Amino acid sequence: MSSPATLPSSAPASSAATPPGGWWAVCLCAAWCGTCGIYRPLFDELARAHPDVRFEWVDIEDESELAGDLDVETFPTLLIADGQRALFLGPLLPQAPVLARLLASLQAGAPGGAGAGDEAQGVFERVRAARSR
């Protein structure tokens, strides 16, 4: 039986399929959130199991400049980006298989698909700039 943190196999990466910078999974959380505290070990397990995806944990209160004007109402909220564009921003069940399926689905999606919007893109760009140093 596979680990709950195992992502389904995706198509082999190629320079045409994977934009420069690779995939990002960003969890927007808060230290006081009990659900986030429970989710963190699963998120970290996914990160270890999939070094081809950059997993970042952002406490939106400690790093409010990264969240900007984004109003996070439900935790955990996940942002998924292909390295260039934010493709998903929204609350997600705090279960590793749910994130695994979402990420695999986005990775298998058609290139040039719709992004997650300007607000999501802004958050991704701030996180990428801060965490790529």
Side-chain angles (χ1 to χ4, degrees):
M1 179 174 216
S2 66
S3 162
T6 301
L7 291 173
S9 297
S10 58
S14 72
S15 59
T18 305
W23 286 85
W24 288 63
V26 180
C27 185
L28 304 171
C29 64
W32 53 261
C33 175
T35 301
C36 293
I38 292 167
Y39 187 51
R40 179 72 188 257
L42 298 173
F43 190 81
D44 290 346
E45 186 179 340
L46 277 168
R48 285 187 299 276
H50 302 283
D52 57 323
V53 177
R54 182 153 183 174
F55 288 78
E56 292 290 339
W57 192 265
V58 175
D59 185 311
I60 63 165
E61 292 178 342
D62 290 344
E63 300 178 280
S64 60
E65 70 282 358
L66 298 181
D69 291 335
L70 179 67
D71 187 19
V72 177
E73 296 179 7
T74 303
F75 295 101
T77 290
L78 274 286
L79 183 143
I80 309 294
D82 67 4
Q84 300 299 311
R85 291 179 313 120
L87 300 174
F88 174 86
L89 174 65
L92 201 67
L93 289 173
Q95 300 167 356
V98 174
L99 174 54
R101 284 191 305 271
L102 174 61
L103 187 56
S105 173
L106 290 170
Q107 288 176 319
D118 292 341
E119 189 171 45
Q121 186 66 31
V123 172
F124 172 59
E125 289 174 3
R126 288 188 295 276
V127 170
R128 181 178 58 189
R131 300 293 173 87
S132 293
R133 297 180 186 157

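Values below: all heavy atoms of this structure, side chains included; hydrogens, waters and symmetry mates excluded. Numbers here are sequence positions counted from 1. Values in this document were obtained by computation on a predicted structure and should not be read as measured data.
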>> Applying side chain to side chain contact (heavy atoms under 4.5 Å, CB included) to E56 and R128, what does each step give before you reach the verdict?
In response: CA-CA 9 Å; E56 292 290 339; R128 181 178 58 189; over 6 Å; no

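- Between the CG atom of L92 and the CG atom of L103 there is a distance of 10.5 Å, given to the nearest 0.5 Å.
- For the atom pair NE2 of H50 and CZ of F55, the computed distance is 6.5 Å after rounding to the nearest 0.5 Å.
- At least one donor-acceptor pair under 3.5 Å links the side chain of Q121 to the backbone N or O of Q84.
- F43 is connected to L93 through a chain of hydrophobic side-chain contacts under 4.5 Å among Ile, Leu, Val, Met, Phe, Trp and Tyr, so both are in one cluster.
- Residues A81 and A86 share a closest heavy-atom pair of CB-CA, 3.9 Å.
- Rounded to the nearest 0.5 Å, atoms CZ (R101) and CG (L106) are 13.0 Å apart.
- With a 4.5 Å cut-off on side-chain heavy atoms, E63 and E65 count as touching.
- In this structure the side chain of T35 never reaches within 4.5 angstrom of the side chain of F75, judged on heavy atoms.
- When all heavy atoms of R85 and D82 are compared, the closest pair comes out as N-OD1, 2.7 Å.
- In this structure, W23 and Q107 have side chains that are in contact, with non-hydrogen atoms separated by less than 4.5 Å.
- Nearest approach of A96 to Y39, heavy atoms of both residues: N-CE1, 4.3 Å.
- Between atom CG of residue D59 and atom SG of residue C33 there is a gap of 10.0 Å, rounded to the nearest 0.5 Å.
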Identify all side-chain donor-acceptor contacts of residues 25-32 below 3.5 Å with residues at least two apart in sequence or on another chain.
residue : atom : partner : partner atom : Å
W32     : NE1  : E61     : OE1          : 3.2
W32     : NE1  : E61     : OE2          : 2.9

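- Transitive grouping of hydrophobic side chains (ILVMFWY, heavy atoms separated by less than 4.5 Å) brings L87 and V98 into a common cluster.
- Contact of the L99 side chain with the L78 side chain is registered, since non-hydrogen atoms from C-beta on lie closer than 4.5 Å.
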> side chain to side chain contact (heavy atoms under 4.5 Å, CB included) between V123 and L66: does it pass, once the steps are laid out?
Replying inline: CA-CA 6 Å; V123 172; L66 298 181; 5.9 Å; no

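- When atom types are taken as modelled, the side chain of S132 and the backbone of A129 share no donor-acceptor pair closer than 3.5 angstrom.
- A salt bridge links D44 to R40: at least one charged side-chain nitrogen sits closer than 4.0 Å to a carboxylate oxygen.
- Within the 4.5 Å cutoff, the side chain of V53 has no heavy atoms near those of the W24 side chain.
- To the nearest 0.5 Å, atoms CD (E119) and CG (D69) are separated by 7.5 Å.
- The shortest side-chain heavy-atom distance between L102 and I80 falls under the 4.5 Å cut-off.
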